Asks: 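Following this message is one structure expressed as structure tokens.
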Amino acid sequence: MSDADEDQAAIHRQIAAKLAELVPGDPALPPHPYLRRHLAEHAAQGHVLDDDHVPLALLAWESSAQVRRLLAAGGDKSEGSRWLQAWATLEPFTQGIGPVSRLSSLRLARYATALPSQTREETTVAPSFTSIPITPLWSDRAVPTPAWTASSTEVTSLAVLNRHRSRTAAVAAGDNVGTLRILRFDGRLVHVPLSLHSGAITHLLPLDGGLLITAGADGRVVAVGEENGQLTHQVITHRKQTWVSSLTTYHPEGHPRLVVAAFSDRTLEAFDVGTFQPRILPIGQLTDSSTLLCSINTPDAGPQLLLSMDDTVYRFDGNSTVPHSRHSGRVRALLALPEPGHYAVGDENSTVSLCDLKVAGTVRSARHDAASAGGAPTPVISMQLVSLVRGPALVSAAGDGTLRLWKLPNLLAVPGMLQAHTAPVNAMTYLPERGPGRLLSGGADRVVRSWTVDEATFGQEPKAWNRVTASAVSPTPPHLLALARASRIIIKDLATSTEITRLKGRRVTALAWPLVGRRRVLAAAVGSSIICIDPETNLQTSPEMAGHLLPIRALVAVPSADGDLLASAGSDGRVCVWQPSTGERLACFGDHEISVRCLATYQSNQHRLLASGGSDGNIRIWDADALQQHGSTIKCDQNIINDLAFVTPDDGDPLIAAAGQDGTLKLWNLRTHHTVRALSCSDGELSAVTSVRLPFGRTALAAAGRTSIHVWDTTTTERPLLQIVTGSPIVNLKTVQDPHQVASSILLASGEAGSMALRLHHRLL
């Protein structure tokens, strides 16, 4: 660093230190707008981007150019920036939410990222949390990687633009609703987003001079340019009722350069670059609706065009099309390599292959997933050229969200597997920089992440996503938390933090805590059967309960003064009621047309009710005493019903809340079957819901979306009481509340990245 640069950094340090003193100690008080927008940047430029110079209370209001970007630019991983690093994992998902929700989310994130010996360090900043309605009790969630950008739509294509030298380099991103965004390398927008297609933008093809060709699921091919600082566009072609399967350029010798598009109706169209006049290529009719295209240079025959059809790659030399290589599965990715005449193929059988046009067939192959015999292959769906210190390399992306780095030209895999996303990787692009470049990967989880391209990043062990297949918490003290994952059940006492393992080697799909006699037992669904065990001895307490034809998806205890009953719901469309003390099946209802996904119970002086919902989009209410359906079926019009919860107001009819695949939470009157209220949080599919009794006769509903847990007061539809950002999907929500305790309740949330338990303080909601 030069003396002038050091002088500038020193000035910024002094400014950051003085500004930090002006941040109110109470996070409920908004800091001055200048502090919100600029304090973090002053700290970054002064090389003091840490928790002392960017106080915790500021993060509830921070609105600069994003802390995660500043942290990444400075490479700051210091011990003094723990709160900032926790905030960086949540920041992309917190736009538009209030300071209390931000601080609640940050408190959970910091608790999850801290080592066990560090978790009590948050007591040093306890005054900042005096008005926060949650207290973390336990977490084993895997720490998410900070996102480069995140949105409510799914990024389906990425490309680095070849812009004029005078303009800032940028990244183009297309999404699943047809919107194009031009972003700086730090993730900020360059232009107002442009709506181009009526379906997903599946392909982006940058050309010289900043020109960009887009293609989508609506059969359109569009040219996008920039004029007077504004984006302009022109439709090149539109084949209705088709989608574009591939897009590339091809430069036949002695002819203008062409843009070539393959369509799902097995046709191919070519256009001059610049004039976009149509040209005819003598390739003939395609035989595959998912043909991939790739332009390749050869050392002796000039430019050629590669085409994939099913499991075969063909070469077109301008006159004829001949097969060149055949692969173990349908070709899903096709990429020209730097060495002339060489290309790479990724197929449906998880194989990455290198091919040379001088040699028939494949030259070298390896598996992306390195699966053992008998494992289901993970398709390779995308590939991207990158650079390492010693030369070119290849990144392959798979349908399970993993990335793998290969050294060229020998296809040597860097040991390890990068768990980049929790869903398939839709797109990748490479940002060349001084030193190691960066790879951007966009997943179906609606997140784009940035990775340093080096062996340390890609050579790490796969992230241990602590995916939970079932969870339950006992309703009365001592509260025991049961989690099923990795073919075992973990039982944790939330008061003492003691932990035991039960039912090793059994894959469990649902859990419940029924009261049998005077003792709580743990009921576990193992395949299509149910077993009950004593949590202390691990001994089975009653005969195995078998009556489902397909795996059980939900279990719930049905309270009774004489001992609980147990209800189960399965993929076979059945709802069964059991006597857990004897293992006797009391009833079996097969009225749902397809899989039953969820159950909920309600008890009053008149009724014990059981509700079931599932893939048929219907709710059925069952009388647990009469063992028959109670009333008629409720048709919800929410697509699949993922979860149910009863709402019991002090006056009026009980309600049933349904979390739908369409992203809505609807409350239904059990007597009239009318919708009382419909809530929406614009957070994708709602996967779980649970109810919470609040003081003064109020009831709250907590629902899990794609990135957050949303808490509503059922008496209002204005906005959620609280939004707890998790950054990854939650699939199970459970709430327990002591009958005589209205001050707080325990919320258990589990999903793809693990589980967490927290206490909700009702007076602060």
Side-chain angles (χ1 to χ4, degrees), residues 202-203 205 213 215 219 221 237 239 242-271 273 278-366 379-385 394 396 409 411:
T202 51
H203 302 281
L205 180 63
I213 309 298
V221 178
T237 187
R239 295 188 66 86
T242 67
W243 47 273
V244 180
S245 65
S246 192
L247 187 69
T248 192
T249 59
Y250 172 50
H251 197 173
E253 286 191 342
H255 296 277
R257 193 179 184 195
L258 304 176
V259 172
V260 186
F263 294 83
S264 61
D265 61 358
R266 297 179 175 85
T267 59
L268 186 143
E269 293 187 6
F271 307 88
V273 172
R279 294 289 182 257
I280 296 177
L281 291 177
I283 291 177
Q285 186 77 20
L286 306 177
T287 61
D288 187 356
S289 61
S290 300
T291 290
L292 301 181
L293 304 172
C294 176
S295 181
I296 187 171
N297 288 318
T298 60
D300 49 4
Q304 297 195 14
L305 188 64
L306 300 179
L307 307 91
S308 76
M309 286 181 269
D310 297 313
D311 61 355
T312 303
V313 175
Y314 297 78
R315 59 187 294 179
F316 171 70
D317 61 5
N319 297 304
S320 60
T321 304
V322 296
H324 177 257
S325 62
R326 191 168 183 176
H327 301 272
S328 61
R330 175 185 286 273
V331 175
R332 298 288 299 273
L334 183 62
L335 183 68
L337 299 177
E339 188 174 354
H342 289 70
Y343 64 93
V345 173
D347 67 32
E348 216 160 52
N349 200 36
S350 198
T351 302
V352 178
S353 303
L354 299 187
C355 303
D356 183 351
L357 288 178
K358 292 182 178 180
V359 180
T362 60
V363 175
R364 193 169 288 105
S365 297
V380 175
I381 56 180
S382 182
M383 295 187 298
Q384 177 66 45
L385 277 175
L394 177 73
S396 59
L411 199 66

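This one's a predicted model, so the numbers in the text were calculated from it and none came from an experiment.
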Asks: Do Arg364 and Ser353 get their side chains close enough for a donor-acceptor pair, meaning under 3.5 Å?
Replies: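 Judged by distance alone, the side chains do not pair up.
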Asks: Under a 4.0 Å threshold between the charged nitrogen and the carboxylate oxygen, would Arg279 count as salt-bridged to Glu269?
Replies: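 Salt bridge absent between Glu269 and Arg279.
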Asks: Any side-chain heavy atom of Val331 sitting closer than 4.5 Å to one from Val313?
Replies: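 The answer is yes; the side chains approach within 4.5 Å.
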Asks: Is the backbone N or O of Thr312 less than 3.5 Å from a side-chain atom of Ser308, with the two atoms forming a donor-acceptor pair by type?
Replies: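 Checking the backbone N and O of Thr312 against the side chain of Ser308, no donor-acceptor pair under 3.5 Å is found.
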Asks: Measure the spacing between CG of Leu258 and OH of Tyr250 and express it to the nearest 0.5 Å.
Replies: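 Atom-to-atom, Leu258:CG and Tyr250:OH are 8.0 Å apart.
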Asks: Could you tell me whether the side chain of Val352 reaches within less than 4.5 Å of the side chain of Asp347, counting heavy atoms only?
Replies: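 Not touching, per the 4.5 Å side-chain cut-off.
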Asks: Please tell me whether Gln304 and Arg315 have a donor and an acceptor in their side chains that are separated by less than 3.5 angstrom.
Replies: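 Their side chains do contain a donor-acceptor pair, which is all the 3.5 Å distance test asks for.
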Asks: Would you confirm whether His342, through its side chain, and Leu357, through its main-chain N or O, come within 3.5 Å as a donor-acceptor pair?
Replies: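 Absent.
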Asks: Hey, is Asp288 close enough to Arg266 for a salt bridge, meaning N to O under 4.0 Å?
Replies: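 Looking at Asp288 and Arg266, the cut-off is not met.
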Asks: Just by distance, with hydrogens left out, do Thr242 and Asp265 show a side-chain donor and acceptor under 3.5 Å apart?
Replies: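 Looking only at side-chain atoms, Asp265 and Thr242 do not form any donor-acceptor pair under 3.5 Å.
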Asks: So which of Leu293, Val244, Ile213 actually passes side chain to side chain contact (heavy atoms under 4.5 Å, CB included) with His203?
Replies: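 Option passing the side chain to side chain contact (heavy atoms under 4.5 Å, CB included) with His203: Val244.
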Asks: Using 4.0 Å as the upper bound for N to carboxylate O, is an ion pair formed by Arg330 and Asp310?
Replies: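 So Asp310 pairs with Arg330 through a salt bridge.
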Asks: Ring centres of Tyr343 and His324 under 6.0 Å apart?
Replies: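 Yes; His324 has its ring centre under 6.0 Å from that of Tyr343.
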Asks: Working to the nearest 0.5 angstrom, can you tell me the gap between Leu411 CG and Leu394 CG?
Replies: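 Going from CG on Leu411 over to CG on Leu394, the span is 7.0 Å.
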Asks: Roughly how far, to the nearest 0.5 Å, is NE2 of His255 from CG of Leu281?
Replies: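 Leu281 CG to His255 NE2: 9.5 Å, rounded to 0.5 Å.
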Asks: Taking the side chain from Ser264 and the backbone from Ser289, do they hold a donor-acceptor pair closer than 3.5 Å?
Replies: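 No.
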Asks: Between His327 and Ser325, does a side-chain hydrogen bond (donor to acceptor under 3.5 Å, both in side chains) hold up when you go through it step by step?
Replies: CA-CA 7 Å; His327 301 272; Ser325 62; 2.9 Å; yes
